Structure formats: C-alpha cells, structure tokens
Amino acid sequence: MKKLINDTFQVTREELEGFVAAFPRAVRRVGIQAVVRQDAPVTGKVGVILGGGSGHEPLFMGYLGRGLADGCPVGNIFASPSPSIVLDATRAVSGGAGVLYIYGNYSGDCMNFDIAAEIAEKEGIHVETIRVTDDVASAPLEQKESRRGIAGDFFVLKAAGACADDNGDLEHVRAAACKANDNCRSMGVALSSCTIPASGRPIFALGADEIEIGLGIHGEPGESRQKLMTADQITDVLVSRILEDPLFHAGDEVAVLVNGLGATPLAELFIVFRRVARLLHDARIHIHRSYVGEYSTSLEMAGCSVTLMRLDEELRRWVDWPANSPYFTQVN
Amino acid sequence: MKKLINDTFQVTREELEGFVAAFPRAVRRVGIQAVVRQDAPVTGKVGVILGGGSGHEPLFMGYLGRGLADGCPVGNIFASPSPSIVLDATRAVSGGAGVLYIYGNYSGDCMNFDIAAEIAEKEGIHVETIRVTDDVASAPLEQKESRRGIAGDFFVLKAAGACADDNGDLEHVRAAACKANDNCRSMGVALSSCTIPASGRPIFALGADEIEIGLGIHGEPGESRQKLMTADQITDVLVSRILEDPLFHAGDEVAVLVNGLGATPLAELFIVFRRVARLLHDARIHIHRSYVGEYSTSLEMAGCSVTLMRLDEELRRWVDWPANSPYFTQVN
Amino acid sequence: MQEPTISAQDWIRVLSRIALRVEAEKDRLNELDGVIGDGDHGVTMAIGFRALDQALMGLQEDVTIDRVFQTAGEAFLSAAGGAVGPLIGSMLADTGEAFRGRVTFGAEEAVWMLEIMEQALVRRGKAQPGDKTMLDALHPAVIAARAAEGEELVEILRKAADAASAGARATGGMISRLGRSSRLGERTLGHEDAGANSIALILRGLEEEVATL
Amino acid sequence: MQEPTISAQDWIRVLSRIALRVEAEKDRLNELDGVIGDGDHGVTMAIGFRALDQALMGLQEDVTIDRVFQTAGEAFLSAAGGAVGPLIGSMLADTGEAFRGRVTFGAEEAVWMLEIMEQALVRRGKAQPGDKTMLDALHPAVIAARAAEGEELVEILRKAADAASAGARATGGMISRLGRSSRLGERTLGHEDAGANSIALILRGLEEEVATL
Ligand SMILES: Nc1ncnc2c1ncn2[C@@H]1O[C@H](COP(=O)(O)OP(=O)(O)O)[C@@H](O)[C@H]1O
Ligand SMILES: Nc1ncnc2c1ncn2[C@@H]1O[C@H](COP(=O)(O)OP(=O)(O)O)[C@@H](O)[C@H]1O
Ligand SMILES: [Mg+2]
Ligand SMILES: [Mg+2]
Ligand SMILES: [Mg+2]
Ligand SMILES: [Mg+2]
C-alpha cells in the first residue's frame, strides 16, 4: 500500500485539519470530526447536513457553502460518523428553522443518524431525514427505499441546499430533497478496487481484464463481474439499466453527472459522457446541465458512475441555483 | 491496461467531443483538436492561449473561460499540439489585441508553438510567448529558463487571464504571466507510473515501496528514487527543495497549490497540505490563498506536487480576480 | 462455597483484555468484511475498543458495574461509528442500564446479560436469525447459556462462546439479508460474516479472561 | 547503362511502406522512450506516418517529387505534434523545398537529400552530435553517404542505413543533453535514444524499399 499518509488510524483527522487549514474563510471544524460553514448557523435558515463515512472526497465537506451544505459530520473511512459527530454538526448549523439530514442509505448511517436525530429532538432541534437511494444496481424498483445511495447525494444536496438558500422552510427543503431523490438514478462500474489505509490491502480483487458492474462506492461487490469492454459498451450497459426504471421518457429534461471514482482520468470520463449524450439524444431525452468529474469517489478506485436526474420546473430551478463551496461553485 | 476508452488512437479526439458536449454554453471546438471559449474572440481583449499535450486534464481546456484561457490547442497524449492546431486556436481567439501563448517548457511544445507563432505573425496576429518553468527539480536555479513546467501553468494562467480580463494590453498581460512564472516554484513526487493508452504499458516501473521524487508530469523519471516515507516526510523534502531557491523569505505572502497527479485521493492531498501549512507557518511565510485538488494531472499517476507562488500586490490582485470556467470557478 | 462474582474492577480488566484481542484480530476481521462487505470491520472494531479502553482507564476506583458498561457503550458508540458502533454500543449501554444498582455479577447475571445484549442488538439492527449478521453468533450463545443455567459462571460463558463460534462458522452457509453485504445475495454463500466473528471473538475473550480472574 | 532514378510515384510507394514499418515498430519505440522519456515516441511516429500515408494517397498521378515531400512533411507536422512532428516534418518539407523542379532522383540526389535533412533537423532542434538525439543517427548516415559518393544508389542508402543503426546503438553510451530525457543526466547512460532508433528505422526502410523498386 502506497499512500501519502502518516498514521493509518489518523487519516480522517489529519485530512480534516488540512481541509480547514486550506479553506479558513469558508469552513471551520466543530468537535473532532465535523466541519461546518464558517458562517453557520445562519439564523432563520434550515440547516442542511450532508454526511457519511470519509473516503468519498470531495463529498461531503467539499460542498460546504452557499446553496449547498451547512454542516458535514465525517466518519472514519467508509464508516458512518457516530451520533456524537452528527450532533456536533447539528448543533452548529441549527439556526432555529430545523435541520435536514441527507445521507446515503446504508444501515450504519441510518442507525447513527437516527440516534443523533432522537437526541437533537430532545434538545429542541427539529430534524428531518432524507436517505439517498439512487443506485439502481442495488435493489429492484419495487424496493426503491432499500436501494443504496451513490453519487446521487450530490443532486439531492443541490436541490436541498438551493431550496434552503431560497429560504424554504424545513418541510419545503425536505420535499425538494425528496423529489430530487425520487427522480435520481445511478449506476457505476469499477475497473479496480481500493485500499482502506488501516486494512492495507485492496478490498476486493479484479483480474487484469475484469470489471465489476454495479458496484457500491465502498467497494461492496456489484451486480456482476464481466470482461473488460470498450467505454461505449460499458456506458451502454449503465445507461440502459438506468433507463429500465420507468422514470425517463422521450421529451424529458435531465441533469447528468458522470462521476469519477478516484483514479480514472477526466479524459476517460469525457469519453463516457460523449456516449451518454449520444444515447440520451437517441432517446430524445434533453440534457439541461452536465457535471463531469470527481464528485463522489471511493478512495483511489478506478471507474465511474452515471447519474441522471429527471427535471421538472422546480428541480431545474434548484439545479440552476448558484452555489459556492470549496469544491463546487456555479455562477449563472 | 484497463481504461474507459474505445480506440487507443482516438482518445484525445473522443475526449474533446465529450468535453464540448458537456459544456456547450461555455466552449466550442475549432478544427480538429482546439477548443475555445464560446464567446471567442472577445474584441479588443488579448487572447490567452494555454496548451500542450493532453493527459493533464483538467489542464488545459478545463480552464477556458472568463479570467482564464480563451483558447486551448490540445495535442495527443503527452505530445505537443501541432502548429496547425495551435493556429486554429490562435485565429479563433484573436480579437485584435494580440495573443499570448502559455505552455510548459518542453522542446516539442517550444518548436510547435514557435512555428505557429511565425505563421500567425505573417497573418497579422501579434503573438507573445511565456514558457512556464516552475519545476525546481528539473534544473538548477542558474538555468531557470531551462526548467520544465508542471502545475505552475495554473498560476501563470491565472495571472495572465485576470490581467487580460482587466483589459491589460498584450505587453501588460505578458508581463503579468512572466512575473507569475518568475515567482512560481514547484516540485512533485510520484507513487506510481501511468500508462499511455496507445502504448499499453506503464511508462516506468516503481517497486512496491519506492517513490520517485522530482518527476515530470509525463512520467519522465525524476531526481531520485527513494523508499516510501510518511506524507509529512515527503512534504518536508518537497517544500525544503522549493525554499532552497532564494526566492521566499520570512514575511512573504504566497499562494499554495497542492496538486494531485490523478489517482491520489483528495484526502491525501489534504494531509500533504496540512504539513505544507505547518512548514510555511514555521518559516513565517503567510498563505494568502490555497488550492488543493487535481489541477494538472498525469493520467492516472499517483502522487502530488506542491507549488508556491510568491505574491506582491499585483499578483495578489490576479490571484483574487474572479474566474469562471468548467473546472475552476472563483467568486469573491 | 461462595459463588464467584465479577467486580467492576474485574470488568474493566476483562473488557480491556478483550480490546487487546480485537486489536490482534483486526486484520482477519477486515479480510472477512472485505470479501462481501467493505473491508473495514476490523478497523472499526479496533477504533471502538481503543476508545472503550481509554474511557475505562479514566474511571474511579469506586465505580459501579453499571457505570463500567455505560461508559464502555458510550465510548464505543461515539468512537466507532459504522454499523457496529450503534450495535455493540447499545449492547454494552443497555447492559449498563439494566444492571443499575447491582453489585454482584455471577452465573445468573451472565445469562441475563447475554439476553439483554441480544435484545439490544435486535432493537437497533432489526435482524432476524439467519440474516447473516452478528445476531447469528449471539442468538445461539444466548440459547446455550440458558441451557447451561445452574452451571458455574465460567462453564456458562464457555458454552456461550462455543455456540457463538459455531454460529459464526454457520453464517458461511447463509445468504445475507441485512447490511451492506445483503446486496450480494447468493454471492455471500460460502463466506462467513465478519460481525458474527466479532461476537464470537468477544464471547471467547469473555470466557477466557473471566477464567483467569 | 542508365542510372536508376526514383520517380514521384516510387516515392509515394516507398514512404507508404516506411509508414508500415513504423507502425510495426511502434511498441519498441514506445518502450525505448519509456525508459528515459515519456513513452510516447512510437505512438507519435505512428500518428505522423498514418497521416503522411493518408495525404500521399490523395495526390494526383502527375505529382512532382518536391510535392510528394512537401505533402509528406506538412502532413507529418500537422498530425504528429510532439518533438518529432516539427523535426521530421521539417526534414521532409525542406527536402521538398530543395527539390523544387527536379524530375530525377538518383545516387547524387540521395546524398544531397540526407544533407538537407540533417540541416533541417539541426535548424529546428539545435542539437549537436553527442546530445543523444535523432541527430546521432542522421549525422553518421550523412558522413557514410558522402564517403560512398560515386557508388550506386542502393549501396549509398545501405551504407547510410548501416551508419544510422550503428549511431543509434551508440546513443546508449551517451548522456542526454536535449529534450525530455536531458533532465535525467547520467541515468540515461546505457539506454538508447528512441528518436535515433526511428531515424535508423526510416533509413533502413528507405534502403530496402528502394531496392525492391
Ligand atoms: N442490522 C444489523 N443487525 C445486526 N448486525 C448487523 C446489522 N448490519 C450490519 N451488521 C453487522 O455489521 C457487520 C459489518 O460491520 P462494519 O463493517 O463495521 O460496518 P459497515 O457495514 O458500516 O462497514 C456485518 O458483518 C454484520 O454482522
Ligand atoms: N532538439 C532536438 N533535436 C533532435 N532530436 C530531438 C530533439 N528533441 C527531442 N529529440 C528527439 O525526439 C525524441 C523524442 O520524441 P517524442 O517522444 O516523440 O517527443 P516528446 O519528447 O515530446 O515526447 C528523442 O528520443 C530525441 O531523439
Ligand atoms: Mg464501513
Ligand atoms: Mg511526449
Ligand atoms: Mg464494513
Ligand atoms: Mg516522448
């Protein structure tokens, strides 16, 4: 294992120290592993919390800022943050209008955030929760609520953060996040595994000509292992699986995210996007806005995921809403 | 070799197709391998051209936009663009106020851009050139002009693009870029090699516990091969080598760029930044602004580089100047 | 003959020794989790037990048994995170809750403790036997302990540990229905569950460390 | 006996056949470049020669020798990029320039062509013999060709190719002083220069393809 680290057990903590040192005007740390906007709490605004285990950078804390997240509780690598970390973030972003928790649907996260929410409620902070369930490979449509969350976190955050920035109340912000999640579908492919520093060895092994289709962003094995194909062939598989859910129709408008898992060059993501654009064009689905890059990674895993979010007038508004954070800034 | 590509010889071309399809409001393609701002040429503004071989994404074309580059001629992977590609970009961005070429100091780029400049001059487009020479590992200080360019391209572009956006004339823009280059120092480390698609095998081999200090961003071997060290130890080597040039002094203000080479997780870059910040603090050098992420990559190489740019009042102004491009946006 | 009883100080010693055992087995637990999960189970357990150990070291001489468990549970929960943080954290904390005011801990209490831990695990994790989780080690341990009622403390703990080990091994034949690995369905067959192995490890440690008191 | 002469159509054939040889050797050239450079030399050469081949196919029946070289040089320059684009592009284009109006190409012209190519290479690349570049294959080839003046065309080309091959091998003993690999200094010792090998490959192709005309 070759990594730019010091102590395998201190990775997340040292990482956070570096992060807040790099962006002191934008963010500050609270407690041991939570980071919040420098101007938190914003009085009267719903506090938007996005969190989970680390190892997915720039998710989560890279998206702290106007139009996006107010606070990020960060767990150890690929492990949900504990309730006390979630509470540190919750208290720091609570501006009196309630707090929304957004996180990927993993049992560890569900338990830890739920415990935190119970305690926050006792302290008088009203908490609502949205669990992101965009990964079509993780369960059939009838069990949509048991699907796991992958890169869709970004779109759900974009909607919630924009709605909160527009002074939506907690019910409104929750509804925006919920609508984004309902209209979001993703699927990924891994070309390599990744190594958790404290474990020191790759989570899984892939042959020199094998790929894992439909994998999770923590290296959980995927739907099927296949022989290496061309970028176009792989993209065809991902997009056709996404379009299988009867959500997207000719004439629809979508936002597209081609997300790199960590080690895949941007050039390859563009080659994948090129094919996505062609397939959507053929399906008469119109691309309103595109995102290509590393939004939700799995350490140094090679591969990518494709996410489509179906837009109505409201979601288009939230997608277009300006945002300003260390790792995502959009001006219109 | 596992890559998300179709045809090893079409990588750059398909990549550009994907790129312009993803950001149609921001950029357009001219000729076969040049990309320019959608609103180019901006009449009366100096055209800023940043280019070189591909494989360093988001450099170069990711930085097309206000306050940054007007045009990017893109060569094949790790190969300078030909004069005809440079000319395609030059003609498209020429708004009557002349054009500045910025590129890393590599003999291939020098020859191709020089031929293009000769032809452009014949066509009545006045061209000035800045060759970026930030890599302290590539030659001693007495031969500063023969040093190669690595991540410093970004800071030189930032200065030139800001000055051009401020309606500086060609001489002024050239001087801004020149000052940025003179005040810029970088050094990198590789933890792994990378593979050019059409070659199919890693450019060089590193043992499981070896790192290459001072390498080039095309996999050119570096200054010395060493045993793996901690992130802090490696950062100490890079920063101390950078500070050896008698450029930085106690009391100075700098911009810092910790740049990922492609496969290194952002978390590790933060750990490196943490140490850079501590070392600069100890040297009483003040950090004015920090950049941490993938700015100039080497395909899927693991590793990073550290860049410091010494700021005076003028350079601080250009660093702080707003910018808006697909891969770098700064609002103030 | 006086029935042997585990004091609060004994518990601190036992739990700290179990923490060492977890540390020593961390790589094996990571590997088990890596096959069908995300490969961090050993790390998370180690982080949790390091914090637990640290917290117990800070307790006063006159601490009570329930405070030991409360402290252990809270420390584990706050530090570990992940899925096991709330699960094992609740198992410990609920035990502390239930033992409030108790000053002795013998054979009878051992059975009761295991029952409380099972309830805590199910309350938090909603698992059922056969889902291929920690419960598949803990549930047979509780049954074995109950069946051994009337026997000596260490004997009960041995039978519980044996049953937990057998239960952990048996998870190799189960298809995961909860947690990360559940997405794999049939591909989980033939691979033991990491969390069940942790429970087996903890219960074996409990038996062996109590025996040395 | 009529001195053999290479027509414009012959040149198209010869250059296209050399393009095939470059294609076949691309991996070896990449490997050579990979040791002390960036590993793309074979790819860049192949891209340049593919474009050259394409451009020559588009020429008319009645094309002149100088136009063949001009076209080849421009196509190579536009497509290849990198360091070799301008270098080999200029070698070809300058030859075209110099041969304007010429209709025959025999032994005498072969020597002259090599001289022009060397001048073009030096003008563009500013290399000196011993810098461990393409020049270290081309320069001995020119000397050998000059020394063979008066001999038959194919004999001259053979001696030039032999000298270029020996020159390319000799670069293994040189320390690079130009281009990417120059930053490596002494670490370049023991490794042949990729570009010099390309020149040897091209001149060998020239000899053998002209021999089959
Ligand atoms: N709902 C649950 N009930 C009981 N045990 C569970 C549950 N979810 C997960 N587990 C246990 O947790 C173990 C995984 O723990 P760990 O790797 O630390 O968490 P994570 O899955 O968040 O990475 C599994 O092997 C399983 O035994
Ligand atoms: N200035 C120069 N003069 C002559 N030959 C040169 C010069 N610079 C580089 N070369 C040749 O170019 C070769 C490298 O070509 P290539 O790999 O295609 O370009 P790049 O270095 O841009 O990757 C070297 O092996 C060397 O022979
Ligand atoms: Mg985990
Ligand atoms: Mg090159
Ligand atoms: Mg796990
Ligand atoms: Mg090369």
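Only a predicted model underlies this, so the values are computations on that prediction, with no experimental measurement involved. Lettering of chains follows the sequences in order, A, B, ..., and the numbering in each one begins at 1.
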| Residue part contacting chain B, namely of A/I234, when any heavy atom lies under 4.5 Å | side chain

| query | Can you pull out the residues in residues 2-20 of chain A with any heavy atom less than 4.5 Å from chain B? | reply | A/K2, A/K3, A/L4, A/I5, A/N6, A/V11, A/E14, A/E15, A/E17, A/G18, A/F19

| message | Would you compute the distance between atom CZ of A/F273 and atom CZ of B/F23 and round it to the nearest 0.5 angstrom? | response | 7.5 Å

| query | Is it the backbone or the side chain of B/Y327 that comes under 4.5 Å from a heavy atom of chain A, or both, or neither? | reply | side chain

| message | I'd like to verify something: which residue of B/R289, B/Q330, B/M301, B/Q233 has the highest number of heavy-atom pairs under 4.5 Å with chain A? | response | B/R289

| task | Could you please state which residues from residues 261-269 of chain A sit under 4.5 angstrom from chain B, measuring non-hydrogen atom to non-hydrogen atom, sorted by number, or 'none'? | result | A/G262, A/A263, A/T264, A/P265, A/L266, A/A267, A/E268

| query | Is the CZ atom of B/R201 crowded by more than 12 outside heavy atoms at less than 6.0 Å? | reply | no

| query | Among B/V331, B/T297, B/V256, B/T235, who wins on heavy-atom pairs under 4.5 Å with chain A? | reply | B/V331

| field | Neighbour count above 12 (heavy atom, 6.0 Å) for B/R66 CZ | value | no

| query | Which region of B/L228, side chain (C-beta onward) or backbone (N, CA, C, O), has a non-hydrogen atom less than 4.5 Å from a non-hydrogen atom of chain A, or is it both or neither? | reply | side chain

| field | Proximal component of B/F328, with respect to chain A [non-hydrogen, under 4.5 Å] | value | neither

| query | Given a strict heavy-atom distance threshold of 4.5 Å, which part of B/M1 is in contact with chain A: side chain, backbone, both, or neither? | reply | backbone

| field | Contacting region of A/R275 [heavy-atom separation from chain B under 4.5 Å] | value | neither

| message | So B/F270 and A/M61, do their side chains get closer than 4.5 Å, heavy atoms only? | response | yes

| field | Region of A/A208 that comes under 4.5 Å of a non-hydrogen atom in chain B | value | backbone

| Using a cut-off of under 4.5 Å for heavy-atom pairs, which of B/I271, B/T230, B/V189 has the most such pairs with chain A? | B/I271

